[in-house]
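Below, chains carry the letters A, B, ... as their sequence lines are ordered, and counting in each starts from 1. Worth knowing before you read on, the calculation uses all heavy atoms, side chains too, and leaves out hydrogens, waters and symmetry mates.
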Protein chains: 2
Amino acid sequence: MTSRKPHPDAVDRPTIEQIQSRILNRICETQYKPGDQLKEAVIAQEFGVSRTPVRDALSRISHLGLVETRNGVGTVVIDLPRERIEHLYEVRFELATLIGKLSPVEIQDHHIAEAREIDAWARRLAKDENSTEYVALNQRLKTLVGELIGNSILRDLWNQSYYQAASVWHRMTEAVGAQAYEHLQRETSELLAAIELRDIAAVGYIQRVHIGYGYQLIRKHLWQDED
Amino acid sequence: MTSRKPHPDAVDRPTIEQIQSRILNRICETQYKPGDQLKEAVIAQEFGVSRTPVRDALSRISHLGLVETRNGVGTVVIDLPRERIEHLYEVRFELATLIGKLSPVEIQDHHIAEAREIDAWARRLAKDENSTEYVALNQRLKTLVGELIGNSILRDLWNQSYYQAASVWHRMTEAVGAQAYEHLQRETSELLAAIELRDIAAVGYIQRVHIGYGYQLIRKHLWQDED
DNA sequence: GGAAGCACAGCTGTATACACGAATCAGCTT
DNA sequence: AAGCTGATTCGTGTATACAGCTGTGCTTCC
């Protein structure tokens, strides 16, 4: 009988998580800027699905506090208030220390290999600036660091707060330009050294230092007029 | 003209957040136990709404890792693996210290009043055990501590991890009985003392101590056979 | 000319119908 | 009798229609 795969017009519909991820990236890339309203119908048509999965994706994103959907209006991208950004950096600053403290993992060879690739990419980017690749590289860095966090709960919190921080950070890098690329390259090279030494605590401290440095940059460039 | 009233009997439909909160509480109260499958249709009928808002609520809860919805099966309550519970307590143990460290708030008179009421309630409960009220009191305690966390991001993470911990904790209190009520009463009285002194750092340390103590209880009663 | 009110257009919130996936059980084969 | 297979049933995943809310621009009245 060979029940043939029906597959009338087998459109490979994107899954909800893919939609969610794509939208999140667009917010982090500042393709969607604070104040923009994301209309479910538009996104739905763009992805070739109905509003239902898009609604679901947006609803999940709203947990991060990056968007807020208002009845009759749309889902608008939030402009994080300064206080919240301060709190965010304070928390990430402290969480960074915990990376090497809670359930440290053993660094594997493939971690080292990945760190080398990332560092090489960062060097290339420092010469040939490209904001899209900059975002992608940061994501890859986030993934690597995430794999080095042995405590699963901490890893979740870390990743979660990453997206909130990234949306602010990438909005700022557009203003500072080359400085951001240099900064990233320094971070990857320090990280590579720590990983090659299989020193997980150092990884955490390096993250801590660069979070602190990033916060100073934000204070200087985003809030210079308010102080 | 016939009365074109759109909705004469305007039933006040529960909002998505109310549904979400109710379901979460049921998981924490262990009314929904690990392995149970929550069927959208059943919950929808119970709340007098369609599946759509229920789906939304469940989808939001799923990000806490307490439930997982599988296609064709249902939304099942997760039995948190031991490792994850360990990680959870590790993280909350560390987060507790940050309560008094990051953006400390000034304790107000109404905080003291609330702490007194909570402590009085805990004393009553210690004599007249009641598991439903026990859960409710813990929630009220969570709310109070949350108001004392000045860092908004930390507060979010704290509350978020609360629900994960509560579902495990309340499942255990059924086993230990009176000991849990005594423990809670000690916690509230210590907390009251710290709050009356307007010592926010002490609040954090007290939480830390009791999280550590709670973890010991879990190790003893839930995993005694595995060690 | 200005301000208040009203109608309209567009978006989200909800309900419902249908498609698809998974598990179970009866009936057949071995 | 045991194991496999196919149909049935019940669940979630998706699409769509409609109801409700909101902001806006026009009209109208002062």
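- Exactly one residue among A/Arg84, A/Gln160, A/His63 makes a side-chain hydrogen bond (donor to acceptor under 3.5 Å, both in side chains) with B/Asp156. That residue is A/Arg84.
- Few gaps surround CD on B/Gln108; more than 12 heavy atoms of other groups in view lie less than 6.0 Å from it.
- Counting to the nearest Å, the P atom of D/dT22 and the CD atom of A/Glu68 are 13 Å from each other.
- Looking at B/Lys101 and A/Glu90, no side-chain N of the basic residue comes within less than 4.0 Å of a carboxylate O on the acidic one, giving no salt bridge.
- Residue B/Thr30 is tested with B/His170, B/Arg171, B/Glu174 for a side-chain hydrogen bond (donor to acceptor under 3.5 Å, both in side chains); the sole match is B/Glu174.
- Other residues, nucleotides and ligands contribute over 12 non-hydrogen atoms within 6.0 Å of the CD atom of B/Glu129.
- At its two ends the helix from C/dG1-D/dC30 to C/dT30-D/dA1 runs along axes set 10° apart, each axis drawn from five pairs and the angle rounded to 10°.
- Within 6.0 Å of CZ in A/Arg22 there are 12 or fewer heavy atoms belonging to other residues, nucleotides or ligands.
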Per-nt protein contacts along nucleotides 10-18 of chain C (heavy atom under 4.0 Å; B base, S backbone sugar-phosphate only, - none) come out as BBBBBBB--
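- Open room surrounds CD on B/Glu17; 12 or fewer heavy atoms of other groups in view lie less than 6.0 Å from it.
- Using cut-offs of 30° and 60° on the angle between ring planes, the pair B/His210 and B/His183 is parallel.
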